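As structure tokens, the structure follows; a few thoughts come after it.
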Amino acid sequence: MEDIKSMTLEELTAWLKERGEPAFRAKQIFRWLYRGVRSFDEMTDLSKALREKLKETCALTPPQVARKQVSAQDGTIKYLWELADGNCVESVLMRYQHGNTVCISCQVGCRMGCAFCASTLAGKVRDLTPAEMVDQVLFTQLDSGAEVSNIVLMGIGEPLDNFDTVMKFLALVNSPEGLNIGMRHISLSTCGLVEQIDKLAQYRLQLTLSVSLHAPDDETRSKIMPVNRGIGVERLMESCRRYFQTTGRRISYEYAMIDGVNDADWQADLLARRLRGAPAHVNLIPLNEVEESPLRPSRRVAAFQRRLEGHGITVTVRRKLGGDIDASCGQLRRKAMKSENG
Ligand code: SAH
């Protein structure tokens, strides 16, 4: 079956043309898809014959809400979506003063193996399709009634490990006929796959690249992030500097503060040294505890922040939203998996 929701308007136009349909049909269909229709029968301005033809050749695979949790504290909503094949992924809607942000997943599970992360505990099951990524934004919007102005690729999965899909997704949400969300309103977070960072740089997108650094020294980083073992912090930082040179976009570094692991003064000093040579922004994340992991949140967040600021680094501490609803890092999917398996 053809996955027409993963097609750009140009691709859909060409695809329909091959089947003898005029270009304006593509626009009509595209518009319906982005209104979140669940079946071709809802496309009421198409002829019955065309709708039947589409039904025979194309699959629409809108996700179902498997679980939904609304934070009583701040209105954050967490969705567990059930995909057409029964797999589940999460999205989170966060409400900020400057607009609504949706955090979405790009893979079912993850193969990167970070020690502190719930999403990777059972490995990667499969990549998502562009349509499955778009649908998380679209159906979060439709279900919540909140208009989404920002997207962060910080849910389950490693975006640069599903590169082509993510690029297609970006084109779709960026397109005026699609979700029409500007690149500057999109953040992409990576565990630091250097070759893919170099590849992404070539597209010169105006999005914000976030790099999950979490440690400035190889010993610590390799321990908590296996992906570092074949790369090393120095090579990662080199590719980050190249990224800045090519795109002119300042990189944001994520740093989850873990008690006794990456929160020492010498690590703040080394981090500051590593970041020299290109503008940077450090986002300190209070660690979310994962049941299966012995890692605990650091008690030195403020001291670490002051130490970095002393070196002239711009630092923010991530505000915790949805603390009452497991609104982080693959925890809802994990819980659902556990309860299914008894
Ligand atoms: N794979 C991508 C994006 C997904 S995770 C990446 O690695 O960047 C989004 C962010 O949450 C990453 O910085 C990740 O390291 C961080 N994260 C994962 N588990 C966490 C936890 N338990 N506490 C705090 N941050 C966590």
Side-chain angles (χ1 to χ4, degrees), residues 78 89-92 94 101-124 127-128 133 136 150-163 165-166 169 186-194 196-197 200 207-216 220-228 231 233 236 239-240 243 251-259 261-263 271 280-298 301 304 316-323 326-335:
K78 179 142 198 172
V89 291
E90 294 172 28
S91 316
V92 186
M94 294 163 287
T101 297
V102 65
C103 172
I104 67 159
S105 301
C106 62
Q107 294 175 323
V108 179
C110 184
R111 63 192 187 100
M112 296 299 146
C114 299
F116 44 81
C117 182
S119 302
T120 198
L121 286 168
K124 183 184 105 169
D127 289 330
L128 294 190
M133 293 185 68
Q136 291 174 62
N150 300 285
I151 299 174
V152 296
L153 292 172
M154 293 190 182
I156 298 170
E158 166 52 44
L160 298 186
D161 188 41
N162 189 11
F163 194 93
T165 295
V166 166
F169 164 78
I186 301 174
S187 292
L188 186 158
S189 181
T190 178
C191 63
L193 304 175
V194 292
Q196 286 88 325
I197 291 174
L200 181 67
L207 54 72
T208 299
L209 180 66
S210 292
V211 171
S212 300
L213 192 55
H214 302 320
T220 309
R221 193 165 195 270
S222 293
K223 209 183 302 166
I224 55 178
M225 300 181 73
V227 65
N228 190 64
I231 297 172
V233 178
L236 173 57
S239 109
C240 290
Y243 186 87
I251 291 180
S252 177
Y253 293 90
E254 287 157 284
Y255 201 102
M257 298 290 297
I258 311 172
D259 186 42
V261 173
N262 63 358
D263 59 351
L271 176 58
H281 169 258
V282 174
N283 195 211
L284 299 178
I285 314 174
L287 185 79
N288 285 301
E289 286 192 70
V290 174
E291 227 174 76
E292 290 84 349
S293 157
L295 302 174
R296 295 290 160 252
S298 169
V301 179
F304 201 84
T316 49
V317 178
R318 181 173 295 172
R319 198 157 57 96
K320 201 174 162 133
L321 290 177
D326 301 313
S328 53
C329 315
Q331 301 201 20
L332 188 59
R333 172 170 176 261
R334 188 79 201 139
K335 242 183 213 170

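Note that this is a predicted model, so its numbers are computed, not measured. As the structure lists them, so they are numbered: ligands from 1, and atoms in each ligand from 1.
At a heavy-atom distance under 4.0 Å, no atom of M112 approaches ligand 1. The proximity of V290 to ligand 1, defined as any non-hydrogen pair under 4.0 Å, is limited to the side chain. Only the side chain of E254 comes within contact range of ligand 1, with a heavy atom under 4.0 Å; no backbone atom does.
Remark: ligand 1 atoms within the under-4.0 Å shell around heavy atoms of C117 are 18 (C), 19 (N). Contact atoms of ligand 1 toward S212: 6 (C), 7 (O), 8 (O), 12 (C), 13 (O), 15 (O) (distance under 4.0 Å to a heavy atom of the residue). Taking every non-hydrogen atom of H214 and a distance limit under 4.0 Å, the qualifying atoms of ligand 1 come out as 13 (O), 14 (C), 15 (O).
Between the side chain of T101 and the backbone N or O of M94 there is no donor-acceptor pair closer than 3.5 Å. The closest donor-acceptor contact from the side chain of N262 to the backbone of T220 lies at 3.5 Å or more, if one exists at all.
Here's the thing with F116: one of its N/O atoms is less than 3.5 angstrom from an N/O atom of ligand 1. The shortest N/O to N/O separation between N288 and ligand 1 falls below 3.5 Å.
Residue M225 places every heavy atom at 4.0 Å or more from ligand 1.
Comparing G155, G157, C191 by heavy-atom distance to atom 1 (N) of ligand 1, the nearest is G157.
Applying the 6.0 Å contact sphere to CD of E291 captures no more than 12 heavy atoms from other residues, nucleotides or ligands. Other residues, nucleotides and ligands contribute at most 12 non-hydrogen atoms within 6.0 Å of the CZ atom of R111.
S189 has its side chain within reach of S212: a pair of non-hydrogen atoms, C-beta onward, lies under 4.5 Å apart. Between L271 and F304 there is a side-chain heavy-atom pair separated by less than 4.5 Å.
Closest approach of Q136 to E90, counting heavy atoms only: OE1-O, 3.4 Å.
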